[in-house]
Every structure is written in C-alpha cells, then in structure tokens.
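Have a look at the structure below, then the notes.
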Protein chains: 2
Amino acid sequence: MPPSLTAENTSGRPRRFVIAGMEGCTNCSVCEVRANGICSALRDDELELLARAAVRMAVPPGHIFIEEGSRATDFFNITGGTVKLFKSLPDGRRQITGFVSVGHFLGLAVSDRYAFGAEAIDQVRLCRFSRPKLESMIEEFPRMERRLLAEAANELVAAQDQMLLLGRKTARERVASFLYGQLEVHYGDAIPADARISFPMTRADIADFLGLTVETVSRTLSGLRRDGLVTLNAGHTIGVALPARLKAIAWGDAG
Amino acid sequence: MPPSLTAENTSGRPRRFVIAGMEGCTNCSVCEVRANGICSALRDDELELLARAAVRMAVPPGHIFIEEGSRATDFFNITGGTVKLFKSLPDGRRQITGFVSVGHFLGLAVSDRYAFGAEAIDQVRLCRFSRPKLESMIEEFPRMERRLLAEAANELVAAQDQMLLLGRKTARERVASFLYGQLEVHYGDAIPADARISFPMTRADIADFLGLTVETVSRTLSGLRRDGLVTLNAGHTIGVALPARLKAIAWGDAG
DNA sequence: GATAAGCAATGATTTAGGTCAACGCTGTTA
DNA sequence: TAACAGCGTTGACCTAAATCATTGCTTATC
C-alpha cells in the first residue's frame, strides 16, 4: 500500500505538470528518461511489454511515497524531480541516506518491507511497477537484471563513501564533499572553474544527509564564503570559483 | 594485481591451516561453504565449471589482500575467517564499512578499480576468480547473477543502517548496535537471554567501524558493564544478559 | 628474565559541534 | 497590512566525544 500516491490526472492540482502525450502514457519508447532508467536495458519491442506493467505518477513536494517499514509492494523508476531517501530512529532523529533523481531505480529489497522511506523534495514524476510484474519482466529480460546489478553496485560505492564521510570527516569536509558532489551531479566529470550549482534541498535536508545540525551547515557555509571559496546567492544557488580547492578540502587537505 | 596473496601451499607457514583434501582443490561440490556462497546458486555439474575458474587461497591475519584504489582484476568468495572492508582518507583516517565472513562475495564494482580495501582480521580462506572468468560464468548461469543481486541488495540495507548509526546515534547507541549485530551474526534470529559472543576484531577495529575512538569504545563498554548490561571477559568475549535491553538502547530507548 | 611491542582501560583536559535563543526575510493566509 | 509559518543566519553557551597521557596487562624476542 503505497500511501496515497497522486496518480496522474487524478490530483486536484493545475495540469501544467502534465506534458502533452503523457497522460496514461503506455509507450515507453518515447519516455523522456529512456536513456537513463532501467528501461535503457531494453529494446523497443521489449519496452512495449514494460509499458503495460508501468503506472506513471506525479508526487508533490514534501509527499512521502515510500513509508519506512511498510510492505514493499512496488518498485519505482524516477523520471523527474528529486527524492530524498531516509531512515529514522523512533525518537525522530533522521538520516538521509541519499538524494536520487532522474533514471534512478527504487525499491530493490530482499525483505518484503522497505528498509527506508522516500520523500519528494520538489515535484517528482515516476513510473511504478508492481513487484510480481517487475519480477516476471526480469525473468524474461536478463539484461534488465544486469542493469539492476550495476546500479546496486554503484549505490554501494556511494554508500561506502558516505560512511567514510559520516564516520570520519569534519563538518567543513562534509559540507565541501556535499557541494563537490552536487557539482559532479550537474557537470559530470567536466567541472568548470567558476561553476554554479542550484539544488532543491533545504539546509535541514543537507544537515540530515551530512549527520550535522542546520546551524552547523549554515555556519560552515558562511565560513566557506568568508574564505572566498563559495558565493551564496539567494535561494538554493551556490557559486564555486575553485572546485579543485573544494575537492581538496573534502578529502582532508585542510584549508 | 592483488598484492602478494598467500597462495595455498606456496607460503612458508606451518601447514596446519591446510585441511586435508583442500590443497589445489578443484571440486567445489565438496566445498565447506557450498551452502553459503554464490556457489549455492549452482547445480553440481555447473560447479565443475566453477572449480576450474577458482583459485583457493589463504590470507594471514593483518594482510591486506585488496588495496584501495588498485585495479579490480579479481573477485573473491570468502570461505573462512573474517575480513574488514575499509576506506581511508589521505591523512590516514580510516572508516571500516563492514566486517564480512564465510559465504560473502567481494569485489563487485562497475569501475575498474576497487573502491575499498580488504584486510584479513584472523586467518582467512577464500576463492579467487578472475574478472573475465566470473563474467563468463554469470553469462552462462543467470541464477548466479540473481544471487549477486540479492547479496548487493542486502548489503545496501546494511549500509543504510550503518549510515543512520554514523550520522545520528550516540556512542552508547553505536556500541550497543555493534554488540547486538554481533549477537545476530552468531545466533541468527534466535538470540537467547544470557547470550555470549566472541569476535576477532580489536577495539581499534570496532572504533573505526563505529566512527569513534578506541578510548570511547573502551569507556562505553566499561559503562555498559557498570550498568550490568554486559560482562567483559578476557580476550574478545562478551556476555550479554539481556539482549532485549541492548537492542532497546541501540534504537534510542536511552538507558 | 629483561626488553619491547601490541592491546586495553582509565584519568585529565580540550574542542568541535550541538543546543538554545533571537532575528531577518519571504511568501501565504485572513 | 497584519499575523503567521517556514527557512536561513548568527550569537552565547554547553556537552559528548576527542585528545593527550599514564598504567597494566599479555605475548613475542633476544
């Protein structure tokens, strides 16, 4: 029971999010994230089958569409927006384990319960597959399994990096790591000098991701600005003059 | 180039670690971890093929057999002993990302470099496969891929738990979590009241796993003993009278 | 059996980051 | 146009855990 997902066209919201030709889309071959998602592992004719198993959905900002510990009935493939994944302690302490966006696959689990929660940060679009349906798809198209294994391996590497950050880095190193990570998300390997990033998450999200408090994130960003390493613009946009310096800080070259 | 692995029978060490019938073992169907490892996904006749690709090795305590950042030429399947996986910062700060033992598969990575290091804690035995060989095996036996995906998914769940621990738990909660985790390793789901665990890792290993210092681990264990929650015996053996209390502490029910 | 090296425990002191509190800005509701 | 809520920043103060230092084991080496 995915808690109250906002299915396309059934929400009371303005329709501007519904791109022409997407309502009740059954043709994955024209999907905007065809190149990114698990679907990239399939040929056009195979996508035909996938289409029948997929339900396209829109999730409004702040909406939790995977409840931690609930029955894992579905898999999701994100086709737009940014999602935060998290785990919580009974008393409310929260750790964000990752931010994921377009092309990301969600819900892989051996257990029958989700081990984490997922909340939309901005307006999110996704494809939903029922567990049995996806499993039969995998049965039929082993290339999809290959793709999932690759994605899981990548996530594992990211998780290990994050453990190093949470266990051993200082606040300054953590914030620098986060910013540099955002640079990589936006620019890939080719990060220009004098780069500019803009991200949807709040200071509280960043704090919960880095294992810090909002105050420390705020202070640390101010510190980086004072040192001429970043410029804090209005909203969630940050300029980075010397990405290499930021990277050095992120990896312990204090400065 | 796996740095100086100690191949069976080629080391100058006493032979007592070499169990009869294992030298140059080419028969995986009698393997002692048949039920645990990736090999469990295969039928007996398929194991015949696997045997030809595997090289059995012994790794002495303290020996690093995967060097962080080195070329990922091989995969490993642990058949005995305990291994610590870790990541380091240039200045030497170290985070242990996991302890793994019998049946665990190592080396899954999309990149051509290992993202982590691996060091034997006690006497370790393992099967080594070359990357291309394992890949062709997977090609041939999709069930193996299924098995790897399941293992990766489980590791991901463990990694998320560890992120919650490192980012949001207190020292006491971390140590309690570690001890309870060890109880689960030893007893599975059926943890008896008045349990007893014995583990091979040092206080320094535990500290690097929990993102603490040795002193804090030591003090925290002493604190738990003072509170009558554990008994610290000589060596690396710890008694736990009330596992349920420990679990409660691990999840934030302060006490 | 003296010396050294590795591991664990504990005490004294310091500090990085948390907590508590105030304030400013922007956008929304009444 | 006031009241309010959400978000971010900054200051004052506090504390959990780090750091530094000492001691007491074992086990290994000469």
Side-chain angles (χ1 to χ4, degrees), chain A residues 60-62 84 89 91-95 119 121-122 165-179 198-226 230-238 249 252 254, chain B residues 13-14 60-62 84 89 91-95 119 121-122 165-176 178-179 198-227 230-238 249 252 254:
Chain A
K84 57 182 169 196
L89 257 4
D91 64 8
R93 278 174 286 171
R94 166 177 293 207
Q95 178 64 38
E119 178 179 333
I121 292 182
D122 46 18
L165 180 149
L166 293 170
R168 291 301 182 212
K169 289 189 183 178
T170 65
R172 192 174 166 92
E173 288 162 358
R174 292 181 201 209
V175 172
S177 297
F178 169 75
L179 292 178
S198 126
F199 40 81
M201 51 290 263
T202 64
R203 296 291 186 265
D205 287 336
I206 298 172
D208 280 347
F209 181 57
L210 299 179
L212 301 170
T213 58
V214 260
E215 292 93 331
T216 298
V217 170
S218 200
R219 271 190 258 273
T220 307
L221 281 171
S222 298
L224 291 174
R225 183 194 49 207
R226 228 172 292 121
V230 303
T231 55
L232 303 178
N233 308 301
H236 294 185
T237 304
I238 289 183
I249 293 171
Chain B
R13 316 194 118 246
K84 55 183 171 196
L89 257 5
D91 64 6
R93 278 174 286 172
R94 166 177 292 208
Q95 178 65 37
E119 177 180 334
I121 292 181
D122 47 17
L165 179 149
L166 292 170
R168 291 300 181 214
K169 288 188 184 179
T170 65
R172 192 176 167 89
E173 288 162 358
R174 293 180 201 209
V175 172
F178 169 75
L179 292 178
S198 124
F199 41 80
M201 52 290 265
T202 64
R203 297 290 187 268
D205 288 336
I206 298 172
D208 280 347
F209 181 57
L210 299 179
L212 301 171
T213 58
V214 260
E215 294 94 328
T216 299
V217 171
S218 203
R219 272 190 257 273
T220 307
L221 281 172
S222 297
L224 291 174
R225 184 195 48 204
R226 226 172 293 119
D227 299 345
V230 302
T231 55
L232 304 178
N233 306 300
H236 295 182
T237 304
I238 289 183
I249 293 171

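Within every chain, numbering begins at 1; the chains are lettered A, B, ... in the order of the sequence lines, protein sequences first and strands thereafter.
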* Go through the steps to decide whether V217(B) and R174(B) satisfy the test side-chain contact (heavy atoms from CB on, under 4.5 Å), and finish with yes or no. => CA-CA 9 Å; V217(B) 171; R174(B) 293 180 201 209; over 6 Å; no

* Looking for any heavy atom pair under 4.0 Å, which part of the strands does S222(B) touch: base, sugar-phosphate only, or nothing? -> sugar-phosphate

* Asked: How sharply is the helix from dG1(C)-dC30(D) to dA30(C)-dT1(D) bent, taking the axes over five pairs at either end and rounding to 10 degrees?
  -> 30°

* To do: Find the distance R93(A):CZ to dT19(C):P and express it as a whole number of Å.
  => 10 Å

* Side-chain N or O of T213(A) closer than 4.0 Å to phosphate OP1/OP2 of dG17(C) -> no

* Short side-chain to backbone donor-acceptor contact, Q95(B) and L165(A), under 3.5 Å -> no

* CG of D91(A) versus P of dT19(C): gap in Å, rounded? -> 11 Å

* Check whether any side-chain heavy atom of F209(A) lies under 4.5 Å from a side-chain heavy atom of R94(A), and answer yes or no. => no

* To do: Classify the nucleic acid contact of R225(A) as base, sugar-phosphate or nothing, counting any heavy atom under 4.0 Å across all strands shown.
  => sugar-phosphate

* Is it true that R168(B) and D208(A) make a salt bridge, defined as a side-chain N closer than 4.0 Å to a carboxylate O? -> yes

* Asked: Are any non-hydrogen side-chain atoms of L221(A) and L232(A) less than 4.5 angstrom apart?
  -> yes

* Would you say R225(B) and T231(B) make side-chain contact, with heavy atoms under 4.5 Å? -> no

* Decide yes or no for L179(A) and L224(A): does some side-chain heavy atom of the first lie under 4.5 Å from some side-chain heavy atom of the second? => yes

* Between R174(B) and V217(A), name the one whose nearest nucleotide on DNA chain D is closer to the 5' end. => V217(A)

* **Between dT10(C) (C1') and L221(B) (CG): distance, integer Å** => 13 Å

* To do: Classify the nucleic acid contact of L212(B) as base, sugar-phosphate or nothing, counting any heavy atom under 4.0 Å across all strands shown.
  => sugar-phosphate

* Nearest 0.5 Å, what's the CG-NZ distance between D122(A) and K84(A)? -> 10.5 Å

* Which part of the nucleic acid does T202(B) contact within heavy-atom distance under 4.0 Å: base, sugar-phosphate only, or nothing? -> sugar-phosphate

* To do: Using whole Å, report how far CD1 of I206(A) lies from C1' of dG17(C).
  => 17 Å

* Side chains of T237(B) and F199(B): does their closest heavy-atom pair fall under 4.5 Å? -> no

* Can you tell me the distance, in whole Å, between the CG atom of D205(B) and the C1' atom of dG6(C)? => 13 Å

* Looking only at side-chain N and O atoms, does H236(B) come under 4.0 Å of OP1 or OP2 in dC7(C)? -> no

Would you list the protein and nucleotides 11-15 of chain C atom pairs, both N or O, that sit under 3.5 Å from each other?
from    : atom 1 : to      : atom 2 : distance (Å)
dG11(C) : N7     : R219(B) : NH1    : 2.9
dG11(C) : O6     : R219(B) : NH2    : 3.3
dA12(C) : N6     : R219(B) : NH2    : 3.4

* **Under 3.5 Å: donor-acceptor pair, side chain of D205(A), backbone of A207(A)** => no

* Heavy atoms of chain B, cut-off under 4.0 Å: which first and last nucleotide of DNA chain D, 5' to 3', fall inside that, if you could look? => dA17(D) to dC20(D)

* To do: Tell me what G211(A) touches on the nucleic acid: a base, only sugar-phosphate, or nothing, going by heavy atoms under 4.0 Å.
  => sugar-phosphate

* Do T220(B) and E215(B) have side chains that get closer than 4.5 Å, going by heavy atoms? -> no

* Counting only N and O atoms by type, is there a donor-acceptor contact under 3.5 Å from the side chain of S222(B) to the main-chain atoms of S218(B)? -> yes

